[in-house]
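Note that the numbering runs from 1 along the sequence shown for the chain.
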Amino acid sequence: MNDLLEQLPEQIEQLPLIGEYWIYQVFAVVFSALVLAYIVKRVLDHVQRRAERTRNIWDDALVDAARRPAWVMIWSMGLMWAARITAVQMDQALEQVLDQIQRVLLIVLLAWFLLRLMQQIERRLVDPRYRDKPADQTTVSAIGKLLRASVVITAALVILQSLGYSVSGVLAFGGIGGLAVGFAAKDLLANFFGGLMVYLDRPFVVGNWVRSPDRNIEGTVEHIGWRLTRIRTFDKRPLYIPNAIFNNIVVENPSRMTHRRIYEHIGIRYADIGRMEQIVADVRQMLQGHEDIDQDQTLMVFFDRCSPSSVDFFIYCFTTPVWAEFHRVKEDVLLKILDIIESHEAQVAFPTSTLHLPDALALRRAQAGEGEPGPETRSEQAVDA
């Protein structure tokens, strides 16, 4: 009996999978990763619900940025731990490779988290739901791009350092290679510095209506990149313009107009010249009392010129800079001017011509008498008609 008890542990170890403890360790690690991923998801969901009740941009951004990297990190680290347990049983050299992969993976996950955090913060800085005065989208976009580029470059250098490469050698090679790249990609660099000047000088920002008298460019700015700027024309066509173009052309920005000008000439008939003074006075009074005309700006109404078919006066005033509202105000002003002209029993002139007949034609017609008019008389009557 004692012999059987002494042989029992050896017999148990000889059963399939009983002696392979590392298999159970791998299963336990994978199962623990599954449980931990579920717990982290529930915790992040709870934290996100609480964060949505506030207008603080940081708590929402942190939760949204950490959600996917945290899930990937839990599973990747669990699998790496399981792989290390397996490597101990199979190949010691594989364990060193897994160590390097784990370090690189942690650096990549950290960089991914930082990039997502910057993206979430950038989105919330221009969102009026989080800020009473949203930040300028162009400025936020420029700063975000610089920070993201810094994170990517730093992560790449740290990965190279962790793999055993000399960072100083890489930087020296980059300095020498930068000269060759600069000559080969001068247009790309010109566009990069053109975009940098747009960010610094700020002649326009995203959402502005811009136009260039030098080029056939007019529309609304949708995106300002480091190489291209995308402008949507008013017929909804996208224009992709290299940033270097903006260094050599004149750009108008109608979105920054403080006012819009109403400048029109109105002509009345020469027969109504005696009513001109009173019409001009009434139009001037109407504009001075109009609620949509800025009285702090220049306002003029004067008899201006004698045209071939009319005597003209002009109106010169300023109103709202909003394009659609400007046309409504201009329509109202012109209709009121026409009402004023009509109230003075005058008429707006239109192109006319006067035909003067020579006196000799009238004499020949008189000599023809009351009889049947001859051919000459009939032609004269046609001319009179």
Side-chain angles (χ1 to χ4, degrees), residues 40-41 43-73 107-158 191-210 219-232 236 238-244 246-247 251-258 321-323:
V40 170
K41 180 180 181 301
V43 170
L44 290 177
D45 289 340
H46 176 71
V47 174
Q48 185 174 16
R49 286 193 297 268
R50 293 180 63 89
E52 289 176 351
R53 300 173 187 173
T54 66
R55 298 186 63 187
N56 191 340
I57 64 175
W58 296 101
D59 50 4
D60 293 343
L62 283 170
V63 174
D64 290 340
R67 182 177 294 276
R68 294 182 64 182
W71 184 85
V72 173
M73 184 183 70
I107 296 171
V108 171
L109 288 174
L110 178 60
W112 186 25
F113 166 72
L114 292 176
L115 292 175
R116 286 176 57 86
L117 179 61
M118 293 175 188
Q119 183 180 13
Q120 295 295 332
I121 293 175
E122 179 181 342
R123 185 182 305 168
R124 285 164 173 77
L125 285 175
V126 298
D127 193 339
R129 293 178 299 176
Y130 293 92
R131 293 173 61 90
D132 295 331
K133 294 182 179 180
D136 178 65
Q137 185 173 357
T138 304
T139 303
V140 173
S141 177
I143 296 175
K145 289 176 181 177
L146 289 174
L147 292 177
R148 286 195 292 271
S150 301
V151 170
V152 171
I153 294 173
T154 303
L157 294 176
V158 173
N191 291 326
F192 172 79
F193 286 108
L196 184 61
M197 290 301 102
V198 170
Y199 282 122
L200 294 178
D201 296 337
R202 298 170 57 82
F204 52 81
V205 296
V206 173
N208 281 172
W209 164 21
V210 297
T220 303
V221 180
E222 288 189 340
H223 176 71
I224 304 174
W226 287 116
R227 193 178 73 86
L228 292 173
T229 293
R230 185 175 71 247
I231 295 178
R232 183 75 59 175
K236 302 306 178 182
L239 293 179
Y240 298 93
I241 304 170
N243 290 328
F246 296 110
N247 293 330
V251 177
E252 294 181 5
N253 192 339
S255 298
R256 296 180 181 175
M257 295 174 64
T258 59
V322 182
W323 188 71

Enclosure of Arg227 CZ (heavy-atom neighbours >12, cutoff 6.0 Å): no

Over 12 non-hydrogen atoms of neighbours within 6.0 angstrom of CZ in Arg256: yes

To the closest 0.5 Å, what do you measure between [atom1] ([X]) and [atom2] ([Y])?
X	Y	atom1	atom2	answer
Met118	Leu125	CE	CG	12.5 Å
Phe246	Ile224	CZ	CD1	8.0 Å
Leu157	Ile107	CG	CD1	10.5 Å
His223	Tyr240	NE2	OH	10.0 Å
Ile241	Thr229	CD1	OG1	7.0 Å
Thr220	Ile231	OG1	CD1	9.0 Å

Give the minimum heavy-atom separation between [X] and [Y], together with the two atoms involved.
X	Y	result
Val210	Phe204	CG1-CB, 3.6 Å
Val205	Val221	O-CB, 3.6 Å
Arg67	Lys41	NH1-O, 4.4 Å
Val63	Leu44	CG1-O, 3.8 Å
Gln120	Ala65	CG-N, 4.4 Å
Trp209	Pro254	O-CD, 2.9 Å

Sole residue of Ile121, Val47, Leu117 in side chain to side chain contact (heavy atoms under 4.5 Å, CB included) with Leu62: Leu117

Audit row: Leu114, Leu147, side chain to side chain contact (heavy atoms under 4.5 Å, CB included) steps and yes/no: CA-CA 10 Å; Leu114 292 176; Leu147 292 177; over 6 Å; no

Basic-acidic side-chain contact under 4.0 Å: Arg124, Asp64: yes

Flag, side chain of Asn253 to backbone of Pro203, donor-acceptor distance under 3.5 Å: yes

